[in-house]
Amino acid sequence: MPLSREARHAAFFVIAVLGVVFVAEVLVMLLLDRLPPLTPLAEAILDATVLLVFVAPFVTYVIVRRSHAERHERQLEERFRAVATSATDAIIVADSDGRIIMWNPAAQKIFQYGAREVLGKPLTVLMPERYRAAHESAMARVDATGESPLSGQTLELEGRRKDGSEFPLEVSLGTWMDGERRLFSGIVRDVTERRSLELQLRRSQKLEAVGQLTGGIAHELNNLLTVILASSDLVAASIANGGPPAVGDLEELRAAAKRSAGLIRKLMAFSRQERLSVGAIDLSRVVRETVRMLRPLLPQSITIQIDITGDDTVVRGDQQAVAQILTNLVTNARDAMPHGGPVRITVGHKTLSQKLRGSDGTEDPEGYVALTVSDDGPGMEEATLERVFEPFFTTKTAGSGTGLGMAVVYGLVRQQDGFIELESELGKGTVVTVFLPRAEAGEAPLAPEQAPAAARAQDGGTVLVVEDEAQLLSVARRILERSGYRVLTAADGREAIEVFNAHRDEIDLVVLDVVMPHLDGVSVYHAIRAVRPEVRYLFTSGYTERDGPAAGVGLDPELPFLRKPWTVEEFAAKVEEILGPSHSRSKTS
Amino acid sequence: MARILIVDDDPALLSSVSRALELKGHEVAQASDGRRALEQFRAQPADLVLTDIYMPDVDGLEFTRALGREFVGAKIVAMSGGVLQDRDQALEIARHMGAVATLPKPFALEQLYEVVSTVLPGSG
């Protein structure tokens, strides 16, 4: 076995010393032989000298070695101390009782305790009360089992400074054995600044003003623009390569543009401040009508219970805004209960809480009528509850919700000088309460037929065309516009209901494709008829009226029907037959 | 050729950016939020991760931090839209948390390819 360098040095040293001592002794012996016999005292001195000469080198060797080792250890310690002193992270070591045995200047800076104050104290002085029990049980576990599952991990927690204030920190934990003793180390970083940056960022997403909503809209639009840019680049590249453009890219391009249009429609609903016409409306009536509209949008497994208490439910608000609010709330309730369940809607008096009014609120807490929508869904945890009104915040899976629904509700409620309150707990469902200001005494609600009709087309009337085939939709629009009608369009049944909701008093005729995704034409017909029975309809379908899917869903054979494919003349004639000729009808058509 | 993981809650964006990268011969994996992305990365690490910042559940910032901590040296590029000031701030924070480059939305394919070749030199 090869010897280490140090062992070779030591062996050489011992052999050299033994050699020197041996030679010295031989010389002394030879010298003694020539001298007369010594006195016993001289002999004792000589023996002691020989012994000393023999032993001294070994003693010296041991002493030199030890001081060398000590110096080395001291150097190491100084180096470590320098690291600990210059570190910007706190380095804290504790013994197996959890008492602090090492504390560096950064620890002092972060926690405000000087080393003298804190050495020997338990680690718990550095943590908020709520962590102490967990900490103690973790220490006890390590003590009992010798295992430390948290060792080697980095955790984000809150720390407690000397003055009692809390701050966010990141701590990396370690444990090791120092002889028989188990020691614990924590390297702590104060992340207050980083958190505040994050918080700032999150706050900029919060709904305080429309200005911040634009952040969300911009984010969504920038996404769509990226898709449009990428898809058009891909199309351009494949044309440049001499091949036909990939159909998939063109479809994505179109879909992205359509989504952008949908986004703008939602944005309009959100920021239609000037279009809100606030007046006295009977909340119960609006609720009943809207629920009738919504019914076909809901699966059979969802039941709606309406409970109206009190006679006086007249509020100051905008009928369409209230319908939109209720639609969004019921849709959320539906999505919260994928396996079905009851949605309870109540209208009645409720006192406005102090919390909602704010400390300097001048509102009369009794001056409101409340509309509540509750579900038996899974409820929300507090973190979700806090963010629920942020635009684009959604818990729904990607692609199934825009995250604008509650932001729209919030915006509309505030525009009507109302308040909104959300109560939810995990496992206990969600209750949303909207408070709208009670109308002044004597302010009678407008009857539905007296409701102000928005810009009705001066001439032929307004036609809503619902058709999922984009080209057909575009042709129908051109034909109708050329004939002097005002045209609104929707690409499927759900969109039709949305568009109808936004223009319910303007629409004279609905051209409905019978078979459409999401919600078929017959369901749309029943939904609209429930609210405005006077609207007229023209059904179109690739199937004949007597067979195909329309037969099964109860399409009244008396209703006007146009079979696809239709010609321009057939279509224009059918519309004119129903609505009467448009006054401004072009001579060339 | 590299393996690239794209993380975005917008399916349209995932699909078009994936197509663009696949055309360049990269192997592309997709995830719709930070939690899923982290699971995917653990199952099969990628040479480069392109992540959106605003996503439901675990957002891009949390994801960047978690990934960087678990896989030291993982290459992350943060992309984000939003209004200018907000967007730039978000991207700056992402850099602070370990993103090696940023890609403000909307971006053209040219910019995307440039960032990929800067972060992964020699990847084609």
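Protein chains get the first letters and strands the later ones, always in sequence-line order, with residue 1 at the start of each.
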Is it the case that atom [atom1] in [X] sees more than 12 heavy atoms from other parts of the structure closer than 6.0 Å?
X	atom1	answer
B/R69	CZ	yes
A/E166	CD	yes
B/R3	CZ	yes

What are the two closest non-hydrogen atoms of [X] and [Y], and how far apart are they?
X	Y	result
B/P106	A/L225	CB-CB, 3.7 Å
A/L229	B/A108	CD1-N, 4.2 Å
B/A12	A/V227	C-CG2, 3.7 Å
B/S16	A/E252	CB-OE1, 3.4 Å

>> Looking at A/D233 and B/R19, is any side-chain nitrogen of the basic one under 4.0 Å from a carboxylate oxygen of the acidic one?
In response: no
> Looking at A/L224, A/T226, A/N222, which hits side-chain contact (heavy atoms from CB on, under 4.5 Å) with B/L13?
Replying inline: A/T226
>> For the CZ atom of B/R65 and the CD atom of A/E156, what is their distance to the nearest 0.5 Å?
In response: 4.0 Å
>> Under 4.5 Å from any heavy atom of chain A, what part of B/L112 do you find: side chain, backbone, both or neither?
In response: neither
>> Please classify the contact between A/A255 and chain B as side chain, backbone, both or neither, with a heavy-atom cut-off of under 4.5 Å.
In response: neither
